[in-house]
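In what follows, chains are A, B, ... by sequence order, proteins preceding strands, each numbered from 1.
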Amino acid sequence: MTGSQSPMRTRFAPSPTGALHFGSVRTALFAWLAARHTHGQFILRIEDTDQERYIPGSEALIIETLRWLRLEWDEGPEVGGQFGPYQQSLRTDTYRAHAESLVASAHAYWCTCTPERLGAMREEQRARSQPTRYDRRCLRRQEEVAAERAAGMAAVVRLRMPDGRTEWEDVIRGALVFDNTEIDDQVLLKSDGFPTYHLAVVVDDHLMEITDVIRADEWIPSTPKHLAVYAGLGWRPPRFAHVPAVLSPDQHKLSKRRGARNVLEYGELGYLPEAIVNAMALLGWSSGTEQEVFTPAELCEVFTLERVHPAPAVFDPRRLDDLNGLHIRRMDADALVDALEFHLPGTSKDVRRALIPMLQERITTLVDAEHLAAPLFNRPEPDPNVPFPPRNVDLATARRMLDACIDAVEHGGLDGTEAVLSRLKAEAEAAGAKPRDAFRVLYVAVLGAPSGVPLDQAMVFLGKEESLTRLHAARTRLSVITG
RNA sequence: GCCCGCAUCGUCUAGCGGUCAGGACACCACCCUUUCAAGGUGGUAACCGGGGUUCGACUCCCCGUGCGGGUACCA
């Protein structure tokens, strides 16, 4: 099924500027899926060439996030690989050498213009409704520049953007064309000796033998620069797939600045990694069939970049809720017992196993389990906000239901809950009440709320003694009421 | 300012010249039912606007509008 495509080497190359959010992880997921689909390799590379924006600890955070989601990388930090190192800050000599090679072949040049001059230049261009581009002043005075550099003046290496047009076939968007006169002579090597993204990304992708560059569509306008670097170095460029942005419900692009949530937080909120993967895959991608629920393995099987929709997508958390519930219901009991360990702290495996039949089909997130199971661990206090007797149930019926339940449990026990339930149902009907209403009395009595896990299973879990204690307490509450 | 990208129900999407425009989430109703869920059935809801091309446009082209992005010695 996947044999027709040659193996792809893809990479995810985040900069360590903070935690990963849905947008960035979705890009990583697409790259991972494309590699897995073709039985190729997925590489993780840290793009830490900007010392000013570096945030300590974020590399560890990125690694933890990817591991939690099971997006395992074949090469990269902590796992190594033959093309390392996989942190750009450790590769500065390589970039410098390539920058100098580009200068030597006249595809790039040194520039000593100050930031002040550059700013003034752009301001002027803007005032004249011109595109803002470097005016190539230093290109015309290379001997002076050489002297200035020799004298210790700060200098950068700029790409000499060739004339003509740049075209490429984007895997997701098809033919893309740029007029090179619109493209700036990009700085490739900063005066601090570090490369810019534009140099490092090309050098690394080539040296690491990346076949398909999968990245956010904000990179489309600078792709011509990258293609020019490939050409200048005499390299064959990879394929490009520019994936659309993920938007928040207010239609804005997800970003750290706007408070996009750290993906790891979703784990604490009770979401399963496989549900998150499923939800992210559906943001911008569809299988073309009517299947919507996928395991990660199924996604690897059917995912192709060609089926990624080019429009930006709004992330709807309700969809994630739905998928999370569906994945929880599909889990086998043992897996759920393990997944619940974090959210039902202090419980034994056996206790959690006993809880599964009550919880599995009625929780959306794992944290829901905590709330649903709470009355099974701690006897609920009467809550003034919970009407008792419940609405639509008169006092006489409520008393009658409780008496019947107490009698059934005392004499019949909890071994045959079927019998208990049918007796209670008959009792409700005899009292002229709908079972729907009458049973709420018992739910409030046993669980402290008019709804919750199934009554019979709850009582079995609590045991005969505790069940009777709660039923009697409720009966007493009713006795005090006059009427 | 200049450049680029995108455009189907509220949201995610299918569609690749002729369809009653399909599915999912959410919402509503009903069924099932010991509560709540889950599950089942049904329903409300969309082709941004204007020009072309064509026997025929959601689909192809142009313009506009809207949204997003780029325009750094940030990625």
Side-chain angles (χ1 to χ4, degrees), chain A residues 13-17 47-50 52-53 111 113-115 118-119 122 125-133 154-158 170 173 176-179 182-184 186-192 194-198 200-201 216-223 242 244-245 247 249 251-253 279 282-293 309-323 325-326 329 359-364 368 372 390 417 420-422 424-425 428 435-444 446-447 449-458:
Chain A
S15 54
T17 53
E47 309 227 322
D48 52 352
T49 54
D50 186 2
E52 285 177 22
R53 294 209 314 162
C111 168
C113 288
T114 62
L118 261 18
R122 291 192 190 102
Q125 289 167 337
R126 218 181 150 88
R128 280 181 286 145
S129 294
Q130 298 290 310
T132 53
R133 296 191 311 257
V156 301
V157 172
R158 279 184 187 278
D170 193 274
R173 291 151 206 278
L176 255 23
V177 187
F178 281 81
D179 182 343
E182 305 290 345
I183 315 289
D184 206 355
Q186 182 62 231
V187 170
L188 298 178
L189 197 65
K190 300 183 244 181
S191 57
D192 64 1
F194 276 77
T196 60
Y197 171 85
H198 307 283
V201 73
D217 67 0
E218 68 205 51
W219 293 109
I220 289 175
S222 46
T223 302
H242 287 100
L247 275 25
Q251 301 273 318
H252 286 281
K253 190 186 153 189
L282 259 23
L283 261 189
W285 173 86
S286 71
S287 69
T289 69
E290 290 194 348
Q291 182 178 356
E292 312 249 356
V293 185
H309 189 76
V314 173
F315 169 59
D316 184 353
R318 292 174 300 189
R319 192 69 192 282
L320 174 60
D321 280 343
D322 176 60
L323 287 167
L326 289 169
R329 264 158 254 132
L359 301 179
Q360 185 158 20
E361 66 182 18
R362 68 194 91 236
I363 57 176
T364 295
D368 294 339
L372 261 180
T417 53
V420 174
L421 289 175
S422 58
L424 291 169
K425 206 170 156 186
R436 169 184 292 275
D437 295 322
F439 268 88
R440 287 189 224 278
V441 176
L442 305 175
Y443 278 87
V444 173
V446 176
L447 298 173
S451 67
V453 300
L455 181 71
D456 56 334
Q457 295 180 52

Checking side-chain contact (heavy atoms from CB on, under 4.5 Å) for the pair A:Ile220/A:Leu176: CA distance, chi angles, key distance, verdict? CA-CA 9 Å; A:Ile220 289 175; A:Leu176 255 23; 4.2 Å; yes

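- Panel note: side chain A:Glu361, backbone A:Ile363; no donor-acceptor pair is recorded below 3.5 Å.
- Within the 4.5 Å cutoff, side-chain heavy atoms of A:Leu442 are placed close to those of A:Leu424.
- In this structure, A:Leu424 atom CG and B:U33 atom P are separated by 17 Å, rounded to whole Å.
- The aromatic ring of A:Phe439 does not sit over the base of B:U34, since the test of centres under 5.5 Å and planes under 30° is not met.
- If you check every strand for non-hydrogen atoms under 4.0 Å, A:Glu182 touches sugar and phosphate atoms only.
- Residues A:Phe439 and A:Leu421 are in side-chain contact: their nearest non-hydrogen atoms beyond the backbone lie under 4.5 Å apart.
- Each of A:Pro310 and A:Pro435 has a nearest nucleotide on RNA chain B; the 5'-most of these lies closest to A:Pro310.
- In this entry B:C36 has no Watson-Crick or G-U wobble partner, no candidate having both defining distances under 3.5 Å.
- No side-chain heavy atom of A:Asp50 sits less than 4.5 Å from a side-chain heavy atom of A:Ser15.
- In this structure, B:C73 makes no Watson-Crick or G-U wobble pair, since no nucleotide meets both defining distances under 3.5 angstrom.
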Tell me, with the steps shown, if A:Gln186 and A:Ser222 meet side-chain contact (heavy atoms from CB on, under 4.5 Å). CA-CA 9 Å; A:Gln186 182 62 231; A:Ser222 46; over 6 Å; no

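- In this structure, A:Leu282 reaches the sugar-phosphate backbone alone: every heavy-atom distance under 4.0 Å involves primed, P, OP1 or OP2 atoms, never a base.
- If you check B:U59 for Watson-Crick or wobble pairing at under 3.5 angstrom, you find it has no partner at all.
- B:C48: Watson-Crick or G-U partner is B:G64, with both key distances under 3.5 Å.
- For A:Ser286 and B:A14, the shortest distance from a side-chain N or O to OP1 or OP2 is below 4.0 Å.
- Pairing for B:U41 goes to B:A29, judged as Watson-Crick or G-U wobble with the two contacts each under 3.5 Å.
- OP1 or OP2 of B:C4 has not a single side-chain nitrogen or oxygen of A:Arg173 nearer than 4.0 Å.
- Taking atom P in both B:U19 and B:A24, the straight-line distance is 23 Å, to the nearest Å.
- A:Arg319 and A:Glu292 are joined by a salt bridge, as a carboxylate oxygen and a charged side-chain nitrogen come within less than 4.0 angstrom of each other.
- For B:A38 and B:G5, the C1' atoms lie 43 Å apart once the distance is rounded to whole Å.
- A donor-acceptor pair under 3.5 Å links the side-chain atoms of A:Arg173 to the main chain of A:His242, judged by distance alone.
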Residues A:Phe315, A:Leu247; criterion side-chain contact (heavy atoms from CB on, under 4.5 Å); working and verdict: CA-CA 6 Å; A:Phe315 169 59; A:Leu247 275 25; over 6 Å; no

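- We find that A:Arg362 and A:Asp368 are not joined by a salt bridge, their nearest charged nitrogen and carboxylate oxygen being 4.0 Å or further apart.
- Rounded to whole Å, the separation between the C1' atoms of B:U13 and B:U35 comes to 36 Å.
- Residue contacts for A:Asp179: at a heavy-atom cut-off of 4.0 Å it reaches no nucleic acid atom on any strand shown.
- A donor-acceptor pair under 3.5 Å is absent between the side-chain atoms of A:Tyr443 and the main chain of A:Gly452, judged by distance alone.
- Taking the side chain to side chain contact (heavy atoms under 4.5 Å, CB included) definition, one finds that A:Val156 meets it with A:Cys111, A:Arg158, A:Val187, A:Ser191, sequence neighbours left out.
- Taking atom C1' on both B:C28 and B:G70, the two are 44 Å apart, rounded to the nearest angstrom.
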Close N or O pairs between protein and nucleotides 42-48 of chain B (under 3.5 Å):
none

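- Looking at heavy-atom distances under 4.0 Å, A:Phe315 makes no contact with the nucleic acid at all.
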Can you name the atoms? Protein N/O to nucleotides 24-32 of chain B N/O, anything below 3.5 Å, with the distance.
| unit_1 | atom_1 | unit_2 | atom_2 | d |
| --- | --- | --- | --- | --- |
| B:A24 | O4' | A:Glu292 | OE2 | 3.0 |
| B:A24 | O2' | A:Arg319 | NE | 3.4 |
| B:A24 | O2' | A:Arg319 | NH2 | 3.0 |
| B:C25 | O2' | A:Arg318 | O | 3.4 |
| B:A26 | O2' | A:Arg318 | NH1 | 3.1 |

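- A sub-4.0 Å separation between OP1 or OP2 of B:A14 and a side-chain N or O of A:His309 is present.
- Counting any heavy atom pair closer than 4.0 Å across all strands shown, A:Gly284 reaches sugar-phosphate atoms only and no base atom.
- Scanning for side chain to side chain contact (heavy atoms under 4.5 Å, CB included) contacts around A:Arg318 gives A:Asp316, with sequence neighbours left out.
- Going from the C1' atom of B:G23 to that of B:G66 covers 27 Å, rounded to whole Å.
- Using atom C1' as the reference point in both B:C27 and B:A45, the two lie 10 Å apart (nearest Å).
- Here, B:G10 and B:U44 have their C1' atoms 12 Å apart, quoted to the whole Å.
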Can you check each nucleotide of nucleotides 64-75 of chain B against protein heavy atoms at under 4.0 Å and return B for base, S for sugar-phosphate only, - for none, in 5' to 3' order? ----SSSSSBBB

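- Scanning for ring-ring contact (aromatic ring centres under 6.0 Å, His included) contacts around A:Tyr197 gives A:Trp219, A:His226, with sequence neighbours left out.
- Here the separation of B:A46 from B:C9, taken at their C1' atoms, is 4 Å to the nearest Å.
- Taking a pair to require two hydrogen-bonding distances under 3.5 Å in either a Watson-Crick or a G-U wobble arrangement, B:C20 remains unpaired.
- Using a 4.0 Å heavy-atom criterion, one finds that A:Leu455 contacts the bases of the nucleic acid, with or without backbone contacts as well.
- Of the candidates B:U35, B:U13, B:U34, the closest approach to any side-chain atom of A:Ser451 belongs to B:U35.
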